[in-house]
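Chain A is the first sequence line, chain B the second, and so forth, proteins listed ahead of strands; every chain is numbered from 1. In what follows, every heavy atom counts, from backbone to side chain, and hydrogens, waters and symmetry copies are set aside.
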Amino acid sequence: MGYDHKIIEEKWEKVWDDEKVYKTDVYDFSKPKFYVLDMFPYPSAVGLHVGHVEGYTATDALARMKRMQGYNVLHPIGYDAFGLPAEQFAIKNNQNPSIYTEKNIANFRRQLKRLGFSYDWDRQIETSDPSYYKWTQWIFLKLYENDLAYEDYRLVNYCPALGTVLANEEVIDGKSERGGYPVERRPMKQWCLKITSYADKLLEGLDEIDWPQSTINMQRNWIGKSKGTIVKFSVQNSDKTFEVFTTRADTLFGCTYCVLAPEHPLVKELTTEEQKEAVAEYIKSCEAKSDLERTDLAKEKTGVFLGSYAVNPINDKVVPIYIGDYVLSTYGTGAVMAVPAHDQRDYEFAKKHHIDFIKVIDSDISESAFEGDGTHINSQFANGLDNEDAKKAITEKLIELGKGNYKVNYRLRDWLFSRQRYWGEPIPIVHLDDGTLYPVPFDELPLKLPELSDYKPTGDGRPPLSKAAEWVDVSIDGHKGERETNTMPQWAGSSWYYARYIDPHNNEAIGDKKLLDHWLPVDVYVGGAEHAVLHLLYARFWHKFLHDLGIFKCDEPFKKLYHQGLILGSDGQKMSKSLGNTVSPDQVIEEYGADALRLYEMFKGPVDQSLPWSPDGPKGAKRFLDKFYRLYADQNFVSLWTDEEVPELDYEYNFTIKKCTEDFEVLHYNTGISQIMILVNAIYKSNKIPKHILLDLTKLLFPLCPHISQECYQLLGYTNILDFEKWPTYDETKLLTKPVTYAVQVNGKLKGTIEFKKDADDSELEELKKSALELDNVKNALCGKVVNKIIVVKNKIVSIVAK
RNA sequence: GCCCGGGUGGCGAAAUCGGUAGACGCACAGGAUUUAAAAUCCUGCGGACUAAUAAUCCAUGCCGGUUCGAUUCCGGCCCCGGGCACCA
């Protein structure tokens, strides 16, 4: 007998909806708070993916257990609604992207409700809603006010035909991925956010959050703090100077040439007449390469001599200056000192260009550069020192000479914040005719997107917003001006949304201060590992900024983070339309029900692991749920119900409560579920079924499969909503009732087992040893041998060592 | 090349302060029930050798080491996945 999942599930979803069961009273401070959050989805046209369902079920189950444990739970959802697909749809159909977006959101909402997620629907937010982006713009203006937003020329991949800048991955062989149009690297004026000012704070914060170690490491590497030295080189026969950053100041006496990045501002001036042609050619060849290709050329270090020479400030040695694309303009100073003897890249480059080697650390450099620690030689006052002391001595000397200093350097770059799109938050800045910038006053926010007659970029490559007359022709206090026609990136809206859920309808502030203080930070945040760096770093940056403004009390947004793994197609490949291996949650719900889908996804393995979709998985989950349901609805079982205790079930019953409580807390649903199955199997074998166990079983399964659990609860005769019933507790003493099984080994090989009292004392363990030696298998194994010693590990093993 | 994960039956996995490897489930096979099927129930299910659910041996990517005992710890290697901005 199977239950009709459609009827039962829709029945309870209607109750939850009609009675607004999941509406959170955020002002109720009488209970401890618990804020559990999903990364909000981009509302694509294809709808929800089974991968979303995995993360969302994990948080929903946690939210439901926490409610039962007496917490006031905040569990909201929203939509990251700005984005490229909507814009492309709008261009194609000449329709405002909001229409497309709204349609998709309605579909997402239907699917999310049909999965029985316990979201507070009165808190749904959309980043494209003016009442939301009003505050995104507000934060931008605050950043601007605090000198953290600025305009600067940045080298970007610009595609004139598409009228937009492309990401590295969208450029293939110098052509755009879409359309195959030529792409050029050109400097463009772009808005940037000074995330680098927060580098140290972002680094320090990593110590206090409970995140996967791999994600913390990735963020740490991304910020890439390194301590080193700035060395000022002068150019021979010239008043020009350039600086290099090095972490190996100890090797400065070994410097035999310098390399500038092809984009370095001094390249032109330092190129001599005879080298002009070769240099120009080289620069051109670099332009054609994408960043990715430049990176790929790791094997061979290319470069060209400029014709000029630099003077090493430490010993006045004259060394040639090259340009080479293995030096990046975006890291350090865009120039390096090269020490072929002690840096492998320089070693290879110098070999190729027949440049001198000077060994300054006593070592063997016949095969490769020596990059380790050692005794310094050929280094005047630094001779005899080790690396660290030499760095110090040489840097101190440079300071004395006025030719250098200690310097902390970061890999992290400022955040490029402009997009040449329509479908994004307008940047609330007006460019006045006199060249000054006019920030839109706070009380004029939101600055709403204008309607356009069409959404394409202009023919001359300006962003779509430049088409609106009211946008590019404004007058501020008698000055003519033009509004910023770039919009913000999609990251903007997702960098602070977690805070807006707390007080989403507040029109005077991001949120009521006392609510923000109470509810932040998010206690548990779940989302894909692909956001390990960008989103999760940007959100931390904005949070810390708003903390410094006094808006947020805590200084980290997400206390605990989990990543959900990818769900792959049943062929083990990434699910994609083109491979035809996608699975729609709608399909699975239709056939097996939402509870079966939820149960399968939580049972199939650890949440953070990527796993292929198993077509039979939900079927197996439904089979278990039918089996579960029969205990409550099938007369054969109902007639076995009893109010008495059934001692032989005590252990599994109490252990199941313990296991679920502990495992669910840390999102280890798979092992909790298997223990529920063990208990259900035990009940099936019993000829009496205690009602109190059936009652607690509905509660234990409820977080994962809320519909069927609520139904069974009702079948037991209860009328309440399970969400606010008490989470079961267990009796510790009942866990001791089961005797322990000792394994008996001879020389490490298993020879048998003995059931024995749990936590036996020393004299009892002597008896255990005796009975172990009595086992037939043990006797046989010991035949002709002498027992050397017997090791007993309490509650686990008796190990007999014999010769 | 660098960084971070991971490798256990036909499949998903469980067990890691070192202690009975494979819990739980999927798939499969046999049986019961049924006119039949579905559903359900029972049984088996890493491999070898077996009449055997007797014993023994081999098995947690590979090779070594430590140990009474290693999936777990150490050293070396191979493979798979993810990330990357040659980071000076």
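Out of B/U20, B/A88, B/G25, the shortest distance to the side chain of A/A743 is found at B/U20. Here B/U20 is the nucleotide among B/U20, B/A27, B/A85 with the atom lying nearest to any side-chain atom of A/Q745. In the set B/C86, B/C24, B/A27, the nucleotide with an atom closest to the side chain of A/D616 is B/A27. Each of B/C87, B/U40, B/C86 was ranked by its minimum atom distance to the side chain of A/R630; first place goes to B/U40. When the nucleotides B/C24, B/A88, B/C41 are ranked by their closest atom to the side chain of A/F603, B/C24 comes out on top. Of the candidate nucleotides B/C86, B/A88, B/C24, B/A88 has the atom nearest to the side chain of A/D343. Here the side chain of A/V801 is nearest to one of B/C68, B/C24, B/A85, namely B/C68.
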Kindly give the atom pairs (protein nitrogen or oxygen, nucleotide nitrogen or oxygen) under 3.5 Å for nucleotides 3-11 of chain B.
unit_1, atom_1, unit_2, atom_2, d
B/C3, O2', A/N221, ND2, 3.2

Polar atom pairs between nucleotides 14-18 of chain B and protein, under 3.5 Å, N or O only, would you list them?
unit_1, atom_1, unit_2, atom_2, d
B/A14, OP1, A/N670, ND2, 3.0

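When the C1' atom is used for both B/G9 and B/C3, the distance is 33 Å, rounded to whole Å. B/C45 and B/G22: their P atoms are spaced 12 Å apart (whole Å). Taking atom P on both B/G46 and B/U60, the two are 16 Å apart, rounded to the nearest angstrom. For the C1' atoms, the distance from B/G12 to B/C28 is 16 Å, rounded to whole Å. Rounded to a whole angstrom, the distance from the C1' atom of B/U71 to that of B/A21 is 8 Å. With both ends at atom C1', the span from B/G19 to B/G6 equals 25 Å, rounded to whole Å. Between the C1' atoms of B/A70 and B/G25, the separation comes to 28 Å (whole Å). Nucleotides B/G30 and B/U20 are separated by 29 Å at their C1' atoms, to the nearest Å.
Put simply, CG on A/N387 is 14 Å from P on B/A88, counting in whole angstrom units. Across the protein-nucleic acid pair, A/Q219 atom CD and B/G83 atom C1' stand 13 Å apart, rounded to whole Å. For the pair A/K391 NZ and B/A88 C1', the interatomic distance rounds to 12 Å; values are reported in whole Å. Atom CG of A/D663 is separated from atom P of B/C24 by 16 Å (rounded to the nearest Å). The separation between A/I678 atom CD1 and B/C24 atom C1' is 6 Å, rounded to whole Å. Nucleotide B/C86 holds its P atom 15 Å from the CG atom of A/D346, rounded to whole Å. Atom pair A/L599:CG and B/G12:C1' shows a separation of 14 Å (rounding to whole Å applied). The OH-C1' distance, from A/Y651 to B/A23, rounds to 12 Å in whole Å.
Counting only N and O atoms by type, the side chains of A/E755 and A/T741 include a donor and acceptor under 3.5 Å apart. A donor-acceptor contact closer than 3.5 angstrom links the side chains of A/R630 and A/Y684.
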Q: Could you walk me through whether A/Y322 and A/H353 pass the ring-ring contact (aromatic ring centres under 6.0 Å, His included) test, one step at a time?
A: CA-CA 10 Å; A/Y322 283 74; A/H353 294 265; 5.4 Å; yes
Q: For the pair A/S329 and A/H264, evaluate side chain to side chain donor-acceptor pair (under 3.5 Å) and give the outcome as yes or no after the intermediate values.
A: CA-CA 7 Å; A/S329 62; A/H264 195 283; over 6 Å; no
Q. What's the verdict on side chain to side chain donor-acceptor pair (under 3.5 Å) for A/T656 and A/Q675, showing C-alpha distance, side-chain angles and the deciding distance?
A. CA-CA 6 Å; A/T656 303; A/Q675 184 55 38; 3.1 Å; yes
**Q.** Intermediate values then yes/no, side chain to side chain donor-acceptor pair (under 3.5 Å), A/D250 and A/H376
**A.** CA-CA 8 Å; A/D250 59 307; A/H376 279 66; 3.0 Å; yes
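The side chain of A/R623 contributes no N or O atom lying less than 4.0 Å from OP1 or OP2 of B/C24. Within the 4.0 Å cut-off from OP1 or OP2 of B/A88, at least one side-chain nitrogen or oxygen of A/Y331 is found. Residue A/K794 places no side-chain N or O under 4.0 Å from the OP1 or OP2 atom of B/G19. For A/R345, no side-chain nitrogen or oxygen approaches OP1 or OP2 of B/G1 to under 4.0 Å.
Here the side chains of A/V526 and A/Q564 are in contact, with some heavy-atom distance below 4.5 Å. Counting only heavy atoms from C-beta outward, the side chains of A/Y257 and A/I321 never approach each other to under 4.5 Å. Contact check for A/L561 versus A/D210: no side-chain heavy atoms found under the 4.5 Å cut-off.
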Q. Given the rule that a pair is Watson-Crick or G-U wobble with both distances under 3.5 Å, how would you write RNA chain B in dot-bracket, using | for pairs to a different strand?
A. (((((((..(((......[....))).(((((.......))))).(((.......)))..(((((..]....))))))))))))....
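Using a 4.0 Å heavy-atom cutoff across all strands shown, A/N681 reaches sugar-phosphate atoms only and no base atom. Nucleic acid contact for A/S799: base, since at least one base atom lies under 4.0 Å from a heavy atom of the residue. Counting non-hydrogen atoms under 4.0 angstrom, A/T753 reaches a base of the nucleic acid. At a threshold of 4.0 angstrom between heavy atoms, the contacts of A/G332 with the nucleic acid are absent.
Without hydrogens or angle criteria, A/H342 side chain to A/V360 main chain gives a donor-acceptor distance under 3.5 Å. Without hydrogens or angle criteria, A/D346 side chain to A/V339 main chain gives a donor-acceptor distance under 3.5 Å.
Across all non-hydrogen atoms, the minimal contact from A/I708 to A/L701 is CG2-CD2, 4.3 Å.
Between atom OG1 of residue A/T196 and atom CZ of residue A/R411 there is a gap of 15.0 Å, rounded to the nearest 0.5 Å.
When the nearest nucleotides of RNA chain B are assigned to A/L412 and A/M337 by heavy-atom distance, the more 5′-ward of the two goes with A/L412. For A/G748 and A/A621, each mapped to the nucleotide of RNA chain B holding its nearest heavy atom, the one lying further toward the 5' end belongs to A/A621.
Every residue two or more places apart in sequence or in another chain that forms a side-chain contact (heavy atoms from CB on, under 4.5 Å) with A/K751 is listed here: A/V746, A/K749, A/N777, A/V778, A/A781.
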Q | nucleotides 46-59 of chain B: protein proximity per nucleotide (B base, S sugar-phosphate only, - neither; heavy atom, under 4.0 Å) | A | ---------SS-S-
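By the 30° and 60° cut-offs, the orientation of the rings of A/Y629 relative to A/Y3 is tilted.
Counting only residues at least two apart or on different chains, the side-chain hydrogen bond (donor to acceptor under 3.5 Å, both in side chains) pairs with a member in residues 789-800 of chain A are A/D759-A/N795.
Annotated as syn: B/G9, whose O4'-C1'-N torsion sits within 90° of 0.
Taking the ring centre of A/Y406 as origin, the terminal cationic atom of A/K392 falls outside the region bounded by 6.0 Å and 45° from the ring axis.
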